[in-house]
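Below: one structure, written as structure tokens.
In what follows, chains carry the letters A, B, and so on, assigned in the order in which the sequence lines appear, proteins first and then strands, with residues in each chain numbered from 1.
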2 protein chains.
Amino acid sequence: MSHPTPLARLEPGESLTERTYEALRDAILHNALPPGTALSVPSLARQLNVSRTPVREAVQRLIHEGLARHETHRGAQVSAVDIEDLRQLYLVREMLEGLAARLAAERLDADALAGLRGILDEHEEVLAAGGDDAAHIDLDMRFHRRLRDIAGNPHLAAALEPIAGRSHMALHSLWRAEEAPRLALEEHRRIVDAMAGGDPALAEEAARQHISRLRVRLSRSTPRGPQDRDAEAADRVAGSEGARPEGTGGGAPA
Amino acid sequence: MSHPTPLARLEPGESLTERTYEALRDAILHNALPPGTALSVPSLARQLNVSRTPVREAVQRLIHEGLARHETHRGAQVSAVDIEDLRQLYLVREMLEGLAARLAAERLDADALAGLRGILDEHEEVLAAGGDDAAHIDLDMRFHRRLRDIAGNPHLAAALEPIAGRSHMALHSLWRAEEAPRLALEEHRRIVDAMAGGDPALAEEAARQHISRLRVRLSRSTPRGPQDRDAEAADRVAGSEGARPEGTGGGAPA
DNA sequence: GGGCGTCATTTTACATGCAATCTCGCCCTG
DNA sequence: CAGGGCGAGATTGCATGTAAAATGACGCCC
């Protein structure tokens, strides 16, 4: 059996456009269509056995969300998220995940808490079973997606979704099953604990620190860092309780 | 001369899809297509003298950015941003505008500063000349858009753009040329002053307070506010210098 | 007179046609 | 053998065709 297409068959349900979009999106986020892959509309249409129209619309949606890039008369290709992109993405994510955690903490109920804990437990199992990178990234995505669902602010979710998506894309090429996954899980736990403890401000701070540390680890793993010095220091020092509400913080006043 | 269409003629330049999108977007943001207006693809195509394809794609883009809503087999219509939406939008905007102001302050150069000050001056003139709501809203949009351009983070700009767009849509139905425009201008000035003073943290705080106060004024003008009490108090007290970096802030730790 | 089924119209969602444009490999030239 | 131009094929961008579905008006029956 040959594998001319890495795309999952379209699942039944919504419109063709919607299903095509989801198939492509999942393929990209799971790295089945790695960055740089050309997204030729006619070719995808043939592979998925649909006409070009829904594929075209799905690809445009991907472009809007930044999962693909577009050049006139040259078509689309899966975005490459480079280190600088990721750094900038994390700056935005830090604010938004913090807000999401705060709102989610304010609205937390038993079901929501159980759902989050369930994801954490699954995550723990995956890590214990030996690190499967893809599985870890998937659980990371599910955790954060669940969190913003609980937050109950659709505008926040809409803003955060593409940013989180692009962040996760980059992980496929950056994470080599080191310590990072375990650190991430620990930090997820800290967020959930703050939420369960009924402390929205602490939850916000924990979520911000989580992203902030991802950014710092990124800086460490790459020999670029100009002004990342102080951030690294903050990461080394920061305890588990909400230190400065500033999280990343700008420089001191002139 | 009859006005069968409130849509500006398509401006020459980019692709038809792009120009159609911009025409529709501007019409919505300037309230030429008020919330609830049906966006029938064939009808718009006739009015704009293009085929349905570019119109369809433009409408989908609007939907994606939240300027229009979509129901299956029922087409799209211009979104209605209600009070609750606006409150939730402001929560997100507060974080993002704060980040934008901080980043912009860090990257500020003479040109950028002159550009911002120019907008402020124009704004002052408009207010002095007597309040034209539409002109004010337009300048407000231009100010914030310029700010995020200066910030130089495309991911932030992409996240903020639709949120700011929807926020501004709502103003058409909410602002009745009272004190709000002047307050907004004063707060814009405070942001720019902090940036000019080389204080990114203060700029961030000023931007957050700006949005936070918009939200509080919103709560005051509508008899809803459940937990807005403390926010109103904060607004009354807050001085011009960066008080708590928290801005809106959650409660104290348990 | 009011509720209900029916039908015409309109629209969406998808399919396909087509010209202009781009890419890329091949061949010709020096 | 290197370099440049050329042409074949593929792709984009836009236009249009079409079945299925929804809406709303109309008339009919009770």
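With a 6.0 Å radius and a threshold of 12 heavy atoms from other residues, nucleotides or ligands, A:R146 has its CZ atom at or below the threshold.
Counted by atom type alone, B:D133 and B:H172 present zero donor-acceptor pairs between their side chains at under 3.5 Å. Side-chain polar atoms of B:D140 and B:H123 form no donor-acceptor pair below 3.5 angstrom. Side-chain polar atoms of B:S43 and B:Q47 form a donor-acceptor pair below 3.5 angstrom.
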Footprint string (nucleotides 7-15 of chain C, 5' to 3'): B base within contact, S backbone only, - free, heavy atoms under 4.0 Å: ----SSBBB

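Applying the ring pair (Phe, Tyr, Trp, His ring centres under 6.0 Å) rule to pairs touching residues 24-66 of chain A yields A:H64-B:H64, sequence neighbours excluded.
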